[in-house]
Amino acid sequence: MLDPVENRSLPRTAAFFDLDKTVIAKSSTLTFSKSFYQGGLINRRAVLRTAYTQFVFLAGGADHDQMERMRAYLSSLCRGWNVQQVKEIVAEALHDLIDPIIYDEAASLIEEHHAAGRDVVIVSTSGAEVVEPIGELLGADRVVATRMVVGEDGCYTGDVEYYAYGPTKAEAVRELAESEGYDLARCYAYSDSATDVPMLEAVGHPHAVNPDRTLRKEAVAREWPILDFHRPVRLKQRLPSLSRPPRPVLVAAAAVGAAAVTAGVVWLTARSRRSSAAAQVVAARVPLRPEEEYKGSNGPRDQGHPRG
């Protein structure tokens, strides 16, 4: 149940969202493979391999071992890439590639959490140079993402500085709660993957979104809400308030984040806290039980339904 408005006399709260297959329908990093090829960063063979990896990821067959192999492959693949060129490619292709695959239901939840006075935090295993501009596009307040080591020449070394995966995500959530004063018992979290169970169980309101088989079983056992997101939408058509910022803003957001990050956390905005009176005005527009809207007319998806 989504509480409509924050009580300002209580500690602050936040909503933590996994990104891939929770907010967007694909892997954020792998989605840019064609753009990286066109920019001369990878060859045709690498494009085909990332396409196959994307297929495995979407089919729900990427378990922990496969995710580790994917991490090792992508780390090796990006060795020697110029970081500024990556940021420019992502900024250039962001709206063409990401806009069409953002779930309408996720965008609505982000709106509702902000309207209720909660911070929105994207917590993703994908790389910061990809996740930070997406977070900016979505209007997120903060981002936690994987960060690669950058050499003195401005290129990736192939080593991982911070890996936002599994228990590390939960650690980041707890660290943010301590630094920002979030009451985790009143916070929300959303993910599609069983690898994010530590993050989900760290908050008082965990939600499984398009869950893989293992997470679905865990959610049923723990009586966590199961949400079905399946309607992609273009934000610039749906949310005029999230219209595309100029390209320099997107690049600058990632550049500033690289300097300000601690343990993979990036402050994307200086969103002001809404007054209690303003929160009361928007309260009437916030549904009390968003899961009733997003699970579909036939209730939570059963085991036989395909992934969205």
Side-chain angles (χ1 to χ4, degrees), residues 12-32 87 90-91 94-95 97-99 101-114 118-147 162-166 168-177 179-180 182 184 187-193 195-196 198-200 202-203 205-210 227 229 232-233 235 239 241-242 245 249-250 253-254 256-258 260-271:
R12 297 171 58 197
T13 58
F16 301 92
F17 287 82
D18 174 49
L19 181 61
D20 300 347
K21 293 198 291 184
T22 300
V23 176
I24 64 175
K26 298 180 180 180
S27 163
S28 51
T29 298
L30 299 177
T31 296
F32 286 93
K87 292 177 181 178
V90 171
L94 181 68
H95 285 262
L97 297 179
I98 299 301
D99 252 4
I101 61 174
I102 295 172
Y103 286 124
D104 185 23
E105 300 91 339
S108 294
L109 267 179
I110 289 172
E111 282 185 304
E112 290 161 13
H113 281 297
H114 273 151
R118 302 182 188 95
D119 286 351
V120 169
V121 184
I122 303 297
V123 188
S124 176
T125 303
S126 293
E129 285 72 24
V130 170
V131 180
E132 289 168 20
I134 295 175
E136 181 84 5
L137 175 68
L138 292 166
D141 301 280
R142 294 165 180 80
V143 156
V144 178
T146 294
R147 189 166 297 281
Y162 176 82
Y163 189 36
Y165 177 76
T168 306
K169 285 188 175 183
E171 293 171 7
V173 166
R174 285 190 288 268
E175 289 173 4
L176 266 177
S179 64
E180 295 300 300
Y182 297 144
L184 287 179
C187 287
Y188 294 72
Y190 303 85
S191 179
D192 72 292
S193 174
T195 62
D196 284 338
M199 180 180 76
L200 293 172
V203 303
H205 300 283
H207 292 71
V209 177
N210 300 341
L227 309 184
F229 292 178
V233 63
L235 285 185
L239 303 175
S241 63
L242 296 182
V249 174
L250 290 173
V256 171
V261 67
T262 300
V265 180
V266 176
W267 271 245
L268 287 180
T269 65
R271 190 181 303 277

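All values below come from the heavy atoms of this structure, side chains included, with hydrogens, waters and symmetry mates left out.
Here the CD1-NZ distance, from Ile98 to Lys26, works out to 9.0 Å after rounding to the nearest 0.5 Å. Once rounded to the nearest 0.5 Å, the distance linking CG of Leu94 with CG of Leu137 reads 5.0 Å. Here the OG1-CG distance, from Thr13 to Leu184, works out to 10.0 Å after rounding to the nearest 0.5 Å. Atom CZ of residue Arg12 and atom CZ of residue Arg118 lie 13.0 Å apart, to the nearest 0.5 angstrom. In this structure, CZ on Arg142 lies 6.5 Å from CG on Leu176, to the nearest 0.5 angstrom. Note that NZ of Lys169 and OG1 of Thr125 are 4.0 Å apart. Values are rounded to the nearest 0.5 Å.
Residues satisfying the side chain to side chain donor-acceptor pair (under 3.5 Å) criterion with Thr22, sequence neighbours excluded, are Asp18, Asp192. Residues that satisfy the side chain to side chain donor-acceptor pair (under 3.5 Å) test with Ser126, not counting sequence neighbours, are Asp20, Ser28, Thr29. Applying the side chain to side chain contact (heavy atoms under 4.5 Å, CB included) criterion to Pro232, with sequence neighbours excluded, gives no partner residue. In this structure Ala202 satisfies the side chain to side chain contact (heavy atoms under 4.5 Å, CB included) test together with Arg174, sequence neighbours excluded. Scored by the ring pair (Phe, Tyr, Trp, His ring centres under 6.0 Å) test, Phe17 finds Tyr190 as partners (sequence neighbours excluded). A search for side chain to side chain contact (heavy atoms under 4.5 Å, CB included) contacts involving Ala208 returns Pro211, Leu215, Ala219, Ile226, not counting sequence neighbours.
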Dump the intermediate steps for side-chain contact (heavy atoms from CB on, under 4.5 Å) on Met199 and Val123, then the final yes or no.
CA-CA 9 Å; Met199 180 180 76; Val123 188; 4.0 Å; yes

Verify side-chain contact (heavy atoms from CB on, under 4.5 Å) between Lys21 and Asn210, making sure each step is shown before the conclusion.
CA-CA 7 Å; Lys21 293 198 291 184; Asn210 300 341; 5.8 Å; no

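Ser124 and Ala164 make their closest contact through O-CB, 3.4 Å (heavy atoms, listed as atom of the first residue, atom of the second, distance). For Val203 against Cys187, the heavy-atom pair with the smallest separation is CB-O, 3.5 Å. Scanning both residues, Ala145 and Tyr162, for their nearest heavy atoms gives O-CD2, 3.4 Å. Annotation for Gly139 and His114: closest pair O-CE1, 2.9 Å, computed over non-hydrogen atoms.
With Val120 as the fixed residue, the side chain to side chain contact (heavy atoms under 4.5 Å, CB included) test singles out one of Leu138, Asp141, Leu109: Asp141.
Distance alone, capped at 3.5 Å, is enough to place a donor-acceptor pair between the His207 side chain and the His205 backbone.
The aromatic rings of Tyr182 and Phe16 sit perpendicular to each other, their planes meeting at more than 60°, with 30° as the lower class boundary.
In this model, no donor atom of one side chain and acceptor atom of the other lie less than 3.5 Å apart for Ser191 and Ser193.
Between Tyr163 and Thr168, the closest side-chain pair of non-hydrogen atoms is not below 4.5 Å. Taking 4.5 Å as the limit, every side-chain heavy atom of Thr146 sits out of range of all side-chain heavy atoms of Tyr165.
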